[in-house]
Amino acid sequence: MTPFTSEYKREAVRLAAGLGDVPQAARDLGIGPKLVHRWKRELRDDGRRAFPRNGSPRDEEGARLKRELKRAREEGATLKRAVCWFGDRPQVSSPSR
């Protein structure tokens with residue numbers, strides 16, 4: 001198991017709080033929801049003393065890249081839907097004079 005940095009854990013908890021959905025935040029980060037729940041509990045119980053150990057910066061970078069990739073895929077899917085929606089509409093020609 002690769003350890004996560006204190007800042008990564010805090011950011012995961014912030015993300016879960018911002019989304020209001022721990023399982024979704026965990027999916028976005030590529031980790032299990034139980035882990036995010038545990039970090040939430042540790043942060044609530046221990047505050048500033050929570051997460052005394054540091055992990056690898058690679059973990060944070062990987063999670064950040066996963067979030068960016070997911071966001072880009074969602075944006076691409078949205079654009080595809082928009083193109084399909086606008087492409088299916090009949091073209092309105094201007095009246096002839």
Side-chain angles (χ1 to χ4, degrees):
M1 182 173 129
T2 306
F4 296 98
T5 65
S6 172
E7 183 55 35
Y8 180 86
K9 293 174 183 179
R10 291 175 193 281
E11 186 61 32
V13 172
R14 276 192 289 267
L15 176 63
L19 291 173
D21 186 359
V22 170
Q24 181 60 50
R27 277 190 300 277
D28 290 352
L29 295 170
I31 58 177
K34 288 183 180 182
L35 198 53
V36 178
H37 279 293
R38 186 177 78 202
W39 293 343
K40 243 177 103 169
R41 186 178 58 250
E42 288 176 12
L43 191 57
R44 182 192 65 224
D45 295 345
D46 296 331
R48 290 185 182 265
R49 295 180 307 151
F51 321 128
R53 293 179 285 172
N54 283 329
S56 164
R58 274 184 57 203
D59 299 332
E60 291 181 51
E61 179 69 6
R64 185 184 65 77
L65 291 172
K66 283 182 182 180
R67 286 192 305 270
E68 284 183 24
L69 178 59
K70 182 175 190 251
R71 194 173 315 122
R73 285 181 174 158
E74 289 171 350
E75 288 172 0
T78 300
L79 289 172
K80 284 180 185 177
R81 285 191 299 272
V83 166
C84 288
W85 189 79
F86 285 114
D88 288 344
R89 298 176 66 83
Q91 296 294 326
V92 177
S93 59
S94 23
S96 302
R97 292 184 189 208

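Computed from a predicted model, the values in this text were never measured in an experiment.
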>> Run the side chain to side chain donor-acceptor pair (under 3.5 Å) test against E68 and tell me which residues pass, sequence neighbours left out.
In response: R64

>> If the condition is side chain to side chain contact (heavy atoms under 4.5 Å, CB included), which residues does K66 pass it with, not counting sequence neighbours?
In response: none

> Taking NZ, NE, NH1 and NH2 as the nitrogens, is one of them in R38 or E42 under 4.0 Å from a carboxylate oxygen of the other?
Replying inline: yes

> Which residue pairs pass the salt bridge (charged side-chain N to carboxylate O under 4.0 Å, His left out) test when at least one of the two sits in residues 13-24, sequence neighbours left out?
Replying inline: E7-R14, E11-R14

>> Once side chain to side chain contact (heavy atoms under 4.5 Å, CB included) is applied, do any residues pair with R44, and if so which ones, sequence neighbours excluded?
In response: R41

Donor-acceptor contacts, no H, no angles, side chain residues 25-36, under 3.5 Å, sequence neighbours left out:
unit_1, atom_1, unit_2, atom_2, d
R27, NH2, Q24, OE1, 2.9
D28, OD1, Q24, NE2, 2.7
D28, OD1, K70, NZ, 2.7

